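Structure, as structure tokens:
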Amino acid sequence: VGGSIVARDDLRSFDPQALANIVWAYATNKTQHHGLFQNVGDGIVARDDLRSFDPQALSNIVWAYATNKAQHPNLFQQIGDSIVAMDDLSSFKPQELANIAWAYATNNAHHPNLFRKVGDAIASSDGSKAFQTQNLANIVWAYAKLDVKHLGLFKKIRRSIGALDDFSSFEPQHLANIAWSFAVADVDVPIAFNDAFTRALVQKQNEFNVKELTQLHKWHIWQVEKSNTGLPGSVLERC
């Protein structure tokens, strides 16, 4: 399949969902094919107008490129421009917004206007609880990774996290990413890191890897500088 797509000079006969499905399948199966990703990206960029691509297709495409470690700056620029040009992002599901932010950060694809648009959409939404654990972690991580400041976004997610009384569904990576992201963004939100968050750190202290412990240590230093409570002693010892 990959070879036949690479051999085509024109992909206009493929509908948007088909193109999205192709790269998504390769990324999901962890199959590397530089030529295919390059040709599909070129084919999408050549269309100029991406209004025929629905939110799921746009999300799946950039997610696939990031997951496959496939670089295509023009594709990311054009998809970002297309999303920014939309009247609003109400048609995007929470996971689609999270995947887009994660993909751009993972590919180190800077698009300030896109992140402003996505951040505004999340900050003004009434459905922050619809964002699952991984979505919350991926969003704040993406903004911190690309050093994008959006106070409204972090405040919105702060309220969502602060309302939780159980973090058992959070993987160690999610906990570490959230803590690190707030520290990097320098958004002081002590209510977000409540007793339930601290208990989760203790419960999972033996599951954190070196990178995650480094992230937590950075968060601890930041918390102490803000005169807030830092890491529990047992977790701090592991750092």
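On a predicted model such as this, the values are computed, not experimentally measured, just so you know.
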Does the pair His174 and Asn138 meet the rule for a side chain to side chain donor-acceptor pair (under 3.5 Å), with working shown? CA-CA 8 Å; His174 301 155; Asn138 283 348; 5.8 Å; no
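- Cluster annotation: Leu97 is connected to Ile178 through the hydrophobic network of ILVMFWY side chains, with a link wherever side-chain heavy atoms come within less than 4.5 Å.
- A donor-acceptor distance shorter than 3.5 angstrom exists from the side chain of Asp49 to the backbone of Arg51, with no hydrogens or angles considered.
- Side-chain atoms of Asn107 never come within 3.5 Å of backbone atoms of Ala109 as a donor-acceptor pair (strictly under, hydrogens ignored).
- By the criterion of side-chain heavy atoms lying less than 4.5 angstrom apart, applied directly or through intervening Ile, Leu, Val, Met, Phe, Trp or Tyr residues, Leu114 is grouped together with Leu153 in one hydrophobic cluster.
- Side-chain atoms of Tyr26 never come within 3.5 Å of backbone atoms of Asn21 as a donor-acceptor pair (strictly under, hydrogens ignored).
- Under 3.5 Å, the side chains of Asp81 and Gln77 contain a donor-acceptor pair of N or O atoms.
- Taking CG from Asn194 and OG1 from Thr229, the interatomic distance works out to 11.5 Å, rounded to the nearest 0.5 Å.
- Around the NZ atom of Lys145, the shell of radius 6.0 Å holds more than 12 heavy atoms that belong to other residues, nucleotides or ligands.
- Of the possible polar contacts, none joining the Gln223 side chain to the Asn228 backbone as a donor-acceptor pair under 3.5 Å is found.
- Residue Asn206 qualifies as enclosed at atom CG: its count of foreign heavy atoms under 6.0 Å is above 12.
- The environment of Asp165 atom CG is sparse: at most 12 non-hydrogen atoms of other residues, nucleotides or ligands sit within 6.0 angstrom.
- Once rounded to the nearest 0.5 Å, the distance linking CG of Asn60 with CD1 of Ile22 reads 13.0 Å.
- Here the closest non-hydrogen pair linking Pro55 and Ser91 is CG-OG, 3.5 Å.
- A donor-acceptor pair under 3.5 Å is formed between the side chain of Lys117 and the backbone N or O of Val84.
- Environment of NZ in Lys226: crowded, with over 12 heavy atoms of neighbouring residues, nucleotides or ligands closer than 6.0 Å.
- In this structure a side-chain-to-backbone donor-acceptor pair under 3.5 Å is present from His72 to Asp42.
- In this structure, CG in Leu175 is found 10.0 Å from CD in Gln173, a value given to the nearest 0.5 Å.
- Using a 30° and 60° split on the angle between ring planes, Tyr143 and His150 fall in the perpendicular class, above 60°.
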Could you check Thr106 against Trp63 for side-chain contact (heavy atoms from CB on, under 4.5 Å), going step by step and ending with a plain yes or no? CA-CA 9 Å; Thr106 299; Trp63 177 89; over 6 Å; no
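- Counting heavy-atom neighbours within 6.0 Å of Lys149 NZ, excluding the residue itself, gives a total above 12.
- One hydrophobic cluster, built from ILVMFWY side chains closer than 4.5 Å, cannot hold both Trp180 and Leu216; they sit in different ones.
- Thr67 approaches Ala27 most closely through the heavy-atom pair CG2-O, 4.0 Å.
- Criterion: ILVMFWY side-chain heavy atoms under 4.5 Å apart, direct or through other members. Under it, Val187 and Val184 are not part of a common hydrophobic cluster.
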Working note: His33 + Asn68, criterion side chain to side chain donor-acceptor pair (under 3.5 Å); need CA distance, chi angles, decisive distance, verdict. CA-CA 9 Å; His33 199 308; Asn68 206 262; over 6 Å; no
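- Panel note: side chain Tyr104, backbone His111; no donor-acceptor pair is recorded below 3.5 Å.
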Between Ile44 and Phe53, does a side-chain contact (heavy atoms from CB on, under 4.5 Å) hold up when you go through it step by step? CA-CA 10 Å; Ile44 295 172; Phe53 288 74; 4.1 Å; yes
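- Contact check for Val140 versus Leu136: no side-chain heavy atoms found under the 4.5 Å cut-off.
- Lys156 contributes a side-chain N or O that, together with a main-chain N or O of Ser125, makes up a donor-acceptor pair within less than 3.5 Å.
- Aromatic ring centres of Phe193 and Phe182: separated by under 6.0 Å.
- At a cut-off of 3.5 Å, with distance as the only test, a side-chain donor of Ser90 or Asp88 sits close to an acceptor on the other residue.
- There is a path of hydrophobic side-chain contacts, each under 4.5 Å, that joins Ile61 to Met86.
- Between the side chain of Arg238 and the backbone N or O of Gln205, at least one donor-acceptor pair lies under 3.5 Å.
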List the steps, then state whether side-chain contact (heavy atoms from CB on, under 4.5 Å) holds for Thr214 with Cys239. CA-CA 7 Å; Thr214 302; Cys239 295; over 6 Å; no
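- The main-chain N or O of Pro94 is never found under 3.5 Å from a side-chain atom of Asn135 such that the two would form a donor-acceptor pair.
- Heavy-atom neighbours of Gln38 CD from other residues, nucleotides or ligands within 6.0 Å: above the threshold of 12.
- Separating the CZ atom in Phe37 from the CG atom in Leu75 is a distance of 10.5 Å, to the nearest 0.5 Å.
- Minimum interatomic distance between Phe208 and Leu201 (heavy atoms only, all atoms of both residues): CE1-O, 3.6 Å.
- To the nearest 0.5 Å, the span separating CG on Leu89 from CG on Asp120 amounts to 9.0 Å.
- Between atom CD1 of residue Ile122 and atom CZ of residue Phe92 there is a gap of 11.5 Å, rounded to the nearest 0.5 Å.
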Candidate pair Lys204 and Val235, rule side-chain contact (heavy atoms from CB on, under 4.5 Å), full reasoning: CA-CA 9 Å; Lys204 299 178 185 291; Val235 182; over 6 Å; no
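- Residues Ala200 and Phe167 come closest through the heavy atom pair CB-CB, 3.6 Å.
- Nearest approach of Ala105 to Phe115, heavy atoms of both residues: N-CZ, 4.5 Å.
- Side-chain contact between Leu19 and Arg47 is present, with heavy atoms from C-beta onward closer than 4.5 Å.
- The shortest heavy-atom contact between Ser181 and Asn177 is OG-O, 2.6 Å.
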